[in-house]
Protein chains: 2
Amino acid sequence: MYNPAQKISKDMMKQMNQKLVLRILKEKGSASKSELSKITGLTLPAITDIMTELELYQVIENLGESRIKRGRFPTLFQLKKEVFHVIGVSIRSESIRVGLYNILGETMAYTETALPENTDPETMMERVNEVIQVVIQKYEVGSLNILGIGLGMHGIVNPMEGISVYPPHLQWENVPIRQLLENKTKLPVLVDNDCNSLTLAEYWFGKGENLNSFITINVDYGVGAGIMIDSQLFHGRNYGAGQIGHTIIQDNGPLCSCGNYGCLETLSSELSIAGQARSKIKQGFPSLLKERYTDVNHVTITDIYDAAHNNDKLASNILEEASRYLGIGLSTLANVFNPEKIIITGGILRGKQSVMDPLIESFYTHALKTNVEDFEITTSGLGAKADVLGAATLWVEHVFKGDFPLSKAGKEGIT
Amino acid sequence: MYNPAQKISKDMMKQMNQKLVLRILKEKGSASKSELSKITGLTLPAITDIMTELELYQVIENLGESRIKRGRFPTLFQLKKEVFHVIGVSIRSESIRVGLYNILGETMAYTETALPENTDPETMMERVNEVIQVVIQKYEVGSLNILGIGLGMHGIVNPMEGISVYPPHLQWENVPIRQLLENKTKLPVLVDNDCNSLTLAEYWFGKGENLNSFITINVDYGVGAGIMIDSQLFHGRNYGAGQIGHTIIQDNGPLCSCGNYGCLETLSSELSIAGQARSKIKQGFPSLLKERYTDVNHVTITDIYDAAHNNDKLASNILEEASRYLGIGLSTLANVFNPEKIIITGGILRGKQSVMDPLIESFYTHALKTNVEDFEITTSGLGAKADVLGAATLWVEHVFKGDFPLSKAGKEGIT
DNA sequence: CTATTTTGTAAAGTAAGTTTATTATAATAA
DNA sequence: TTATTATAATAAACTTACTTTACAAAATAG
């Protein structure tokens with residue numbers, strides 16, 4: 001693609017400096033003009049100008065004086081969090097989750113419902129809209145400004161055009177989900193891949209806070225990665241970056257749904273773990289799992305985690321091996337990206353130490369030492385609903401970083 | 001790392017727009033003010049302002065009128081290429097190469113010499129300086145402005161501090177090579193890893209020209225990658241990005257120098273290919289290679305390429321297998337980065353179709369289809385001295401993209 | 001020769017920042 | 001109590017990169 005010539009204008013300069021101030025306020029909680037001047041390098045009059053406009057848009061509020069040792073007391077300001085509210089929607093394989101958050105990621109309301117019988121785009125979005133309306137009802141709408149809706153989906157998503165390009169678990173292709181949902185809800189919608197949304201959630205509210213570069217690994221049905229580079233989500237040329245699930249780890253390993261052999265996903269995803277367990281049980285390996293089920297085909301990944309925590313040998317061994325492979329896959333990412341941190345999230349966290357211990361050991365064994373100095377591999381602390389928060393965070397990113405004038409953000413969202 | 005708050009100032013705005021104009025001039029060869037205005041989106045008076053300053057600094061020159069169908073004839077301008085000259089230095093495992101280039105990458109002079117007996121930093125840099133002086137002599141120095149020296153080195157390099165952190169083939173650690181060379185040459189020096197330099201060369205003068213995202217793979221002694229993301233070289237947190245050589249492709253494969261088993265480098269580097277060939281010959285496999293050498297240990301990688309081109313079965317098979325593994329490694333990069341292009345360079349290119357055919361086939365077999373749509377995997381067209389050009393290109397990047405005021409670029413370099 | 005088209009400059013205007021001067025207010029020292 | 005010092009903040013003038021508007025210059029079409 002030709003790299004489009006892009007001029008910088010005074011408007012952009014103002015916007016960027018304004019958003020810089022907002023980011024500092026979000027991070028610090030509160031700050032005085034003098035502090036902001038020192039942090040940003042902008043002069044005090046420049047900060048005063050910016051703050052005047054932010055107050056005009058009712059984006060910040062005066063917190064009163066704070067005491068210092070000597071000299072005139074500074075006036076503190078903070079984000080007026082009730083100005084920005086956003087809705088997060090996560091379409092999962094078994095349910096639709098919707099949450100209402102303020103700009104600081106605090107939950108205002110939350111609901112979850114099953115998928116509709118029919119999962120064609122139209123019915124799906126109709127159901128999503130119903131749940132959104134429920135969530136809006138839960139909270140008295142009049143008092144808050146809903147900036148918009150963030151939607152997280154599995155598969156390849158084109159966030160620029162708002163299109164669900166290719167979601168493997170659904171019978172869709174190139175569906176304009178943004179348009180569909182905007183038509184139904186009459187609210188502006190942002191869309192991205194679920195892994196990317198999770199990564200944004202970690203960046204703004206989790207263990208990736210303010211990191212320049214880190215990678216979020218989501219392991220449940222499959223294995224995916226969200227990549228943050230230079231504090232910027234990295235999508236790749238046609239929004240396919242981070243597809244670590246089909247990295248080949250074991251040449252001539254087990255057959256994968258993608259047609260190749262030995263992909264990480266065939267060795268480490270929850271789907272493959274469950275499959276391996278069922279097949280081992282059928283082969284006659286002794287296990288708690290066998291005792292609990294007459295029909296082996298009903299063994300779920302949750303059962304396997306449970307069994308492992310009850311010291312079942314078979315379950316532990318399978319989890320250990322899968323985690324070891326995952327560690328190898330992640331070491332590849334550390335070698336190639338040299339990030340500051342890797343954050344692990346998704347259903348796999350339910351495996352706790354049965355998963356994390358072998359994973360971390362294998363990771364450090366296989367990663368280049370120079371690339372994991374002053375580095376951390378850790379689990380997400382955002383909890384089981386991180387996907388919904390992540391979807392909502394698409395708007396946080398938009399407000400604090402996006403290239404749109406702030407004035408509109410404050411007004412457009414007013415209902 | 002904490003993401004430093006970075007304001008945008010009017011100075012930066014001007015600088016960026018000025019460099020934007022320069023980039024367009026470099027790319028198009030020449031342009032009129034009116035054209036520049038249309039391409040950049042800047043108004044004509046703004047362009048006039050910028051061009052006046054660029055002429056003042058003698059960075060551009062008037063090319064006279066060009067004919068158009070209707071209306072006043074536009075005046076064309078072009079980069080004054082004799083203003084900027086740069087020296088590229090490549091320190092290789094067996095030699096030091098030095099070249100003198102203009103800002104358009106055209107070679108003015110070139111020399112190559114053996115490494116000194118003693119490869120400690122001091123002697124090494126002394127030798128480098130000698131060769132630089134020879135190259136400068138070759139060209140009558142008085143007439144040109146040498147902006148500075150670009151130095152490309154293998155191993156981990158910290159380009160910010162100008163330090164060779166860890167070069168595996170040398171007995172160094174954390175050597176301030178920039179400082180050393182600046183002291184000797186009295187010219188400003190820029191340093192980076194050889195793979196990264198090669199990638200810049202492809203971006204400015206090769207098949208990566210103006211691409212947003214692509215990856216350069218260098219295969220010779222080892223296997224390394226240079227990564228271009230968002231038209232920006234991606235270094236990673238502590239300058240270790242792109243270390244694809246130690247990606248594990250074959251769990252429990254051959255032992256690698258890094259201590260792990262089945263790294264890409266043990267399967268696909270020229271070193272490993274040569275090793276495999278020698279061991280197969282010793283095992284008694286028939287081959288042209290055996291007939292030519294009494295001492296098998298003298299078989300080199302060049303011999304293997306030759307043998308393969310003469311239809312030697314053993315050589316061909318080994319190259320084919322190594323290339324197949326390389327294809328798997330590159331498919332991982334395509335899956336994870338989803339770049340626009342992958343460019344292959346390094347000694348391996350001497351293997352020609354014996355290497356490229358199986359590599360490409362294996363690559364497309366293993367890469368995710370969605371990630372290699374509208375994608376190209378290709379060989380570098382920059383020739384065997386791309387490493388030297390690449391080193392010099394560190395300055396091209398600095399001039400056209402770097403965050404330093406242009407006025408200084410034009411003046412500092414004057415000898 | 002005039003109308004039209006395109007390139008380009010001149011002069012005034014805009015606005016986001018900086019510089020300099022000044023005010024406000026608190027703690028501390030005389 | 002009063003002067004001094006430190007820190008926060010504003011006011012007013014200045015700077016400057018870009019835009020707007022007006023217009024000049026130069027070429028072709030008719």
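Labels below follow one simple rule: chain letters A, B, ... track the order of the sequence lines, proteins then strands, and each chain is numbered from 1. Worth knowing before you read on, the calculation uses all heavy atoms, side chains too, and leaves out hydrogens, waters and symmetry mates.
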Has the side chain of B/R72 got a donor or acceptor that lies under 3.5 Å from a partner of the other kind on the base of C/dT7?
yes
Counting only side-chain nitrogens and oxygens, does B/K69 get under 4.0 Å of the OP1 or OP2 atom of D/dT28?
no
For A/E106, does the CD atom have more than 12 heavy-atom neighbours from other residues, nucleotides or ligands under 6.0 Å away?
yes
Examine C/dG8: is either OP1 or OP2 under 4.0 Å from a nitrogen or oxygen in the side chain of B/K38? Give yes or no.
no
Classify the side chain of A/R70 versus the base of C/dA27 as yes if they form a donor-acceptor pair under 3.5 Å and no if they do not.
yes
In whole angstroms, how far is the P atom of D/dC23 from the CG atom of B/L44?
18 Å
Picking from D/dA29, D/dT7, D/dC18, which would you name as closest to the side chain of B/A46?
D/dC18
Under 4.0 Å between a side-chain N/O of B/K10 and OP1 or OP2 of D/dT16, yes or no?
no
Is the shortest side-chain N/O distance from B/S32 to OP1 or OP2 of C/dG8 below 4.0 Å?
yes
Please confirm whether the backbone N or O of A/E35 pairs with a side-chain atom of A/S32, one donor and one acceptor, at under 3.5 Å?
yes
Please tell me if B/T48 has a side-chain N or O lying less than 4.0 Å from either OP1 or OP2 of C/dT9.
yes
Examine D/dT28: is either OP1 or OP2 under 4.0 Å from a nitrogen or oxygen in the side chain of B/R67? Give yes or no.
yes
Please state whether the phosphate of C/dA16, meaning OP1 or OP2, lies under 4.0 angstrom from any side-chain nitrogen or oxygen of A/N17.
no
Is any side-chain N or O of B/K33 under 3.5 Å from a base N or O of C/dT7, one able to act as donor and the other as acceptor?
no
Which of these nucleotides, D/dT19, D/dT28, C/dG17, is closest to any side-chain atom of A/I50?
C/dG17
Indicate whether OP1 or OP2 belonging to D/dT19 is found under 4.0 Å from a side-chain N or O atom of A/S9.
no
